[in-house]
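Below: the structure, in structure tokens.
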Number of protein chains: 2
Amino acid sequence: MNDIALDERLEADTFPVTELPLCRVLLMNDTRFTWVILVPRLPGVSEVFDLDEESQQQLWREASALGAVMKDAFEGDKVNIAALGNVVSQLHVHVIVRHKNDIAWPGPVWGMGNAEPYTADQQASVRAQLLAEIDVLNLA
Amino acid sequence: MNDIALDERLEADTFPVTELPLCRVLLMNDTRFTWVILVPRLPGVSEVFDLDEESQQQLWREASALGAVMKDAFEGDKVNIAALGNVVSQLHVHVIVRHKNDIAWPGPVWGMGNAEPYTADQQASVRAQLLAEIDVLNLA
């Protein structure tokens with residue numbers, strides 16, 4: 001396990017869920033959306049195309065697979081997958097379950113008011129649900 | 001060449017640039033951003049994970065490669081790559097060159113005021129520049 005430092009802002013805004021073969025899986029501490037962030041454990045990478053071809057494919061494989069199971073588990077209407085990085089330069093990919101009645105729909109989630117943090121119980125519950133989904137993925 | 005119909009809204013907001021092995025390449029008719037949209041020529045696909053594994057990889061390969069050459073050609077500070085699809089359900093991936101002095105920075109481009117259309121000359125010029133970049137890619 002490569003121990004690359006996590007950007008401070010990502011660290012402050014999320015809590016850790018688990019590790020995939022390439023990426024850390026973080027959950028945004030915001031009950032308004034089921035919103036996961038994947039962070040490749042590689043140093044000095046900002047753009048997707050800074051990764052070699054194999055790591056790029058693994059990154060998208062992890063993001064797509066997570067999106068598919070999350071849409072199902074959280075009964076989403078749509079999944080948003082995005083690598084933006086205008087604020088946090090450390091490469092990270094957003095995987096967000098969207099609902100037609102969520103506060104930002106049909107707009108994007110970024111910059112939509114303030115996050116509403118999870119309670120400790122909620123956090124444990126959503127993390128367990130995510131882990132159960134991720135557990136059955138074959139991503140190695 | 002598969003002749004899948006293009007969503008009406010995508011058709012209205014963009015003009016065609018070229019075809020990659022999997023995707024149509026469209027340019028958003030908005031001079032505020034160099035903003036390309038990739039649309040896989042496959043029917044009935046809304047989520048990235050609706051594609052088979054091989055097509056998913058090809059989609060991201062095309063998006064990443066395009067992002068890399070566009071960042072270079074248009075001297076971007078960052079590239080945003082995103083599959084959202086909350087409004088237009090036909091699967092499409094945004095590839096957007098961002099600049100620190102663009103009107104939306106550091107926020108996302110979606111929903112930022114009104115598009116500023118290209119003149120015919122501008123359109124021809126940016127299309128030629130994109131084609132020159134795409135021409136040297138090996139994406140088959």
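Here is how names work: the chains are called A, B, and so on, in the same order as the sequence lines, proteins then strands, and each is numbered from 1. Every heavy atom of this structure was used, including side-chain atoms; hydrogens, water molecules and symmetry mates were not.
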**Item:** Common cluster, B/L38/B/V17, ILVMFWY with side-chain heavy-atom separation under 4.5 Å
**Value:** yes
**Prompt:** Do any of residues 66-80 of chain A come closer than 4.5 Å to chain B, heavy atom to heavy atom, and if so which ones, in number order?
**Reply:** A/G67, A/A68, A/K71, A/D77, A/K78, A/V79, A/N80
**Prompt:** If two hydrophobic side chains count as joined below 4.5 Å and joins carry through other members, does A/L59 share a cluster with A/L10?
**Reply:** no
**Asked** Can you check whether B/Q56 reaches A/Q57 side chain to side chain, under 4.5 Å on heavy atoms?
**Response** no
**Residues in residues 46-55 of chain A that sit under 4.5 Å from chain B, counting heavy atoms only** = A/S46, A/E47, A/V48, A/F49, A/E53
**Request:** Using a heavy-atom cutoff of under 4.5 Å, enumerate the residues of residues 109-134 of chain A that contact chain B, numbered in order, or state 'none'.
**Result:** A/W110
**Request:** May I ask you to list the residues in residues 87-105 of chain B that approach chain A closer than 4.5 angstrom, counting heavy atoms only, ordered by number?
**Result:** B/V87, B/R98, B/W105
**Request:** Spell out, yes or no, whether A/V45 and A/L84 are grouped together once hydrophobic residues are joined by side-chain heavy atoms under 4.5 Å, including indirect joins.
**Result:** no
**Fill in**
Greatest number of non-hydrogen atom pairs under 4.5 angstrom with chain A, of B/P108, B/G107, B/A63, B/A65, falls to B/P108
**Request:** Report whether B/M28 and B/F33 are members of the same hydrophobic cluster (ILVMFWY, side-chain heavy atoms less than 4.5 Å apart, transitive linking).
**Result:** yes
**Request:** Find out if a path of hydrophobic residues (ILVMFWY) with successive side-chain heavy-atom gaps under 4.5 Å connects A/I81 to B/V39.
**Result:** no
